[in-house]
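Report on the following structure.
Keep in mind that what you see is a predicted model, and the values were worked out from it rather than measured.
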Amino acid sequence: MSSAPLQNDVFLRALLREPVPYTPVWLMRQAGRYLPEYNATRERAGSFLNLAQNPAYAAEVTLQPLARYPLDAAILFSDILTVPHAMGLGLDFRAGEGPHFAHPVRTETDVARLAAPDLDRLRYVFDAVTLIRRELQGRVPLIGFAGSPWTIACYMVEGKGSDDYRLVKGMLYGRPDLMHRILQVNAEATTQYLNAQIDAGAQAVMLFDSWGGVLADQMFQEYSLAYTRQVIAGLTREREGRKVPVIVFTKGGGLWLEDIAGCGADAMGLDWTASLGKARARVGDAVALQGNLDPMALFAPAPAIRAEVRRVLDDFGPVGKGGHVFNLGHGISQFTPPGAVAELVDEVHAYSRALHEVPGACK
């Protein structure tokens, strides 16, 4: 791991609600198909899995957006399904269809066989983290990540993405014992996986609860949030002499902001359907907030993009001791014009600097 001092820690400080000179920005899926250089590297790799499982390729694409834009954090290039793949479920990515598991988990026997994987089967991820940290040379922090136990379980049971989640919800309602067993294994595996990323050099970590919002009330608390809370409780929270912040993002989680804010994370991501200002009014400054521009706003002309950026920043409200990390409300679209991202990043930095220069704003 590089011992280079961190040159830009604004992202980490914002997550901990410490004074910062401007609002930091990074984007979910910032290393991805909207960048021509990413597509060129993926073509050299031959497949998505080859790209993700080769530390040199993973490091290359992780750093590509930072070569284009003055982003305030890098995020490891990987996939949330690496953990169940290491459990032996047989992951592959089909063109135009997304991820598929050859061996979905649907029967009592399937569930009984589950166990947290040997971390050596995920060594390529940790090697990528260490390589990225070395190549970053302290420019910005590196974010590690994992899928939440519930979101991973959705893919494991459905065998792929789903529109109605009938298989996983059928198990949840019909065999809650099996669902809790899957979630417990996932929570143990995810805790170990994230701690190994932190050991390898990740300076913040994020849990993506992409499908938490499909659950009914009470079911969300029991089957998603409880296991997210368990993962967070088991994480290494200090490394290299400073705190390792944790971000939780539940897509569609606007109904449960108070519950999510109390799960032990340092920051809570919001999708674009929620108001940062109203969320802050509900949870106070208990956690930092991350988000939440609609990714489709990046298809508008530059002046409109900049106006939307200002609207999001204004929505968060007075800087105070709040802590805001600017991001999209979900992952960036593969069709996004790269120039639109340049407009976004520039406006976040320029406009938020003016907000933070207000006397007393960072006190």
- Message: Just verifying a value: how many Å separate Lys243 NZ and Thr236 OG1, rounded to the nearest 0.5 Å?
- Response: 13.0 Å
- Close side-chain approach of Leu225 to Trp150, heavy-atom, < 4.5 Å: no
- Check the side chains of Asp217 and Trp256 for a donor-acceptor pair under 3.5 angstrom, ignoring hydrogens and angles. yes
- Message: Return the CZ to CD1 distance between Phe220 and Ile260, rounded to the nearest 0.5 Å.
- Response: 4.0 Å
- Is any side-chain heavy atom of Leu183 less than 4.5 Å from a side-chain heavy atom of Tyr223? yes
- Is there a path from Val125 to Leu49 through hydrophobic residues (I, L, V, M, F, W, Y) whose side chains come within less than 4.5 Å of each other? yes
- Can you find a heavy atom in the side chain of Lys160 that is under 4.5 Å from one in the side chain of Tyr155? no
- Message: Once side chain to side chain contact (heavy atoms under 4.5 Å, CB included) is applied, do any residues pair with Glu343, and if so which ones, sequence neighbours excluded?
- Response: Ala302, Ile305, Arg306
- Task: May I ask you to list the residues sharing a hydrophobic cluster with Phe299, side-chain cutoff 4.5 Å, ordered by chain and number?
- Result: Met296, Phe335
- Item | Under 3.5 Å: donor-acceptor pair, side chain of Gln221, backbone of Gln218 | yes
- Message: Are more than 12 heavy atoms, taken from residues, nucleotides or ligands other than Arg33, located less than 6.0 Å from that residue's CZ atom?
- Response: no
- Query: Taking Arg13 for the side chain and Glu18 for the main chain, is one N or O donor matched with an acceptor at less than 3.5 Å?
  - Reply: no
- Sub-3.5 Å donor-acceptor pair from the side chain of Thr151 to the main-chain atoms of Gly147, do we have one? no
- Aromatic centroids of Phe101 and His85 separated by under 6.0 Å: no
- Salt-bridge test for Asp164 and Lys169: reply yes if a basic N is under 4.0 Å from a carboxylate O, no otherwise. no
- Met219 and Val248: same hydrophobic cluster, using ILVMFWY side-chain contacts below 4.5 Å? yes
- Task: Taking ring-ring contact (aromatic ring centres under 6.0 Å, His included) as the test, write out the residues that go with Tyr38, two or more places apart.
- Result: Phe77
- Item | Spacing of CZ belonging to Phe316 relative to CG belonging to Leu355, to within rounding of 0.5 Å | 10.5 Å
- Scan Val246, Thr190, Asn186 and name whichever one has a side chain to side chain contact (heavy atoms under 4.5 Å, CB included) with Val231. Thr190
- Query: Is it the case that Tyr124 and Thr82 place a side-chain donor and acceptor less than 3.5 Å from each other?
  - Reply: no
- Task: Measure from the side-chain N and O atoms of Glu135 to the backbone N and O of Leu63, and report whether any donor-acceptor pair falls under 3.5 Å.
- Result: no
- Is there a donor-acceptor pair under 3.5 Å between the side chain of His330 and the backbone N or O of Met28? no
- Query: Do Val345 and Val341 come within less than 4.5 Å of each other through their side chains, counting heavy atoms only?
  - Reply: yes
- Strictly by modelled atom types, are Thr130 and Asp127 linked by a side-chain donor-acceptor pair under 3.5 Å? no
- Any salt bridge between Asp209 and Lys251, counting N to O under 4.0 Å? no
- salt bridge (charged side-chain N to carboxylate O under 4.0 Å, His left out) between Arg44 and Glu60, worked out: CA-CA 12 Å; Arg44 293 204 321 272; Glu60 181 178 329; 2.9 Å; yes
- Query: With sequence neighbours left out, what residues match His103 under ring-ring contact (aromatic ring centres under 6.0 Å, His included)?
  - Reply: none
- Enter the distance from Ile247:CD1 to Phe208:CZ here, rounded to the nearest 0.5 Å. 8.0 Å
- Check ion pair Arg106-Asp110 (N to O, under 4.0 angstrom): no
- In terms of side-chain geometry, is the basic nitrogen of Asp314 or Arg311 positioned less than 4.0 Å from the acidic oxygen of its partner? no
- Just wondering, more than 12 heavy atoms not from Gln7 lying within 6.0 Å of its CD? yes
- Could you tell me whether a side-chain N or O of Arg121 sits under 3.5 Å from a main-chain N or O of Met87, the two making a donor and an acceptor? no
- Salt bridge flag under 4.0 Å for residues Arg166 and Glu158: no
- Selection residues 289-304 - residue pairs positive for side-chain hydrogen bond (donor to acceptor under 3.5 Å, both in side chains), sequence neighbours left out: Trp26-Gln290
- Message: Contact between Leu328 and Asp271 at the side-chain level, heavy atoms closer than 4.5 Å - yes or no?
- Response: no
- Query: Roughly how far apart are Ile75 CD1 and Gln30 CD, rounded to 0.5 Å?
  - Reply: 7.0 Å
- Which pair of non-hydrogen atoms, one from Pro117 and one from Val83, has the smallest distance, and what is that distance? CG-O, 4.1 Å
- Under 3.5 Å, is there a donor-acceptor pair between the Gln192 and Glu188 side chains? no
- Item | Any donor-acceptor N/O pair, His100 side chain to Gly159 backbone, under 3.5 Å | no
- Task: Would you please test Arg181 and Glu108 for salt bridge (charged side-chain N to carboxylate O under 4.0 Å, His left out) and show each step?
- Result: CA-CA 10 Å; Arg181 161 71 179 159; Glu108 194 162 341; over 6 Å; no
- Query: Same cluster or not: are Leu276 and Val348 linked, directly or through other Ile, Leu, Val, Met, Phe, Trp or Tyr residues, by side-chain heavy atoms under 4.5 angstrom apart?
  - Reply: yes
- Query: Do the side chains of Val287 and Leu235 join up, straight or via other hydrophobic residues, at under 4.5 Å, putting them in one cluster?
  - Reply: yes
- May I ask you to say whether Arg237 pairs ionically with Asp266, meaning some side-chain N is under 4.0 Å from a carboxylate O? yes
- Message: Per the side-chain hydrogen bond (donor to acceptor under 3.5 Å, both in side chains) rule, what does the pair list look like for residues 63-72, sequence neighbours excluded?
- Response: Asn8-Asp72, Tyr22-Asp72, Glu37-Arg68, Thr41-Gln64, Asp72-His349
- Under the criterion side chain to side chain contact (heavy atoms under 4.5 Å, CB included), which of Gln197, Arg239, Glu238 is the partner of Val244? Arg239
- Checking ring pair (Phe, Tyr, Trp, His ring centres under 6.0 Å) for the pair Trp211/Tyr165: CA distance, chi angles, key distance, verdict? CA-CA 10 Å; Trp211 307 128; Tyr165 305 91; 5.8 Å; yes
- Task: Please examine the side chains of Phe11 and Val325, heavy atoms only from C-beta on, and report whether any two atoms are closer than 4.5 Å.
- Result: yes
- Expected output: side-chain Gln203 to main-chain Leu142 donor-acceptor under 3.5 Å: yes
- Would a distance-only check, ignoring hydrogens and angles, find a side-chain to backbone donor-acceptor pair under 3.5 Å from Thr336 to Ser333? yes
- Do Phe126 and Leu131 share a hydrophobic cluster, counting only Ile, Leu, Val, Met, Phe, Trp and Tyr and linking them when any side-chain heavy atoms are less than 4.5 Å apart? no
- Task: Look up atom CG in Leu270 and atom CG in Asn327, then write down how far apart they are to the nearest 0.5 Å.
- Result: 10.5 Å
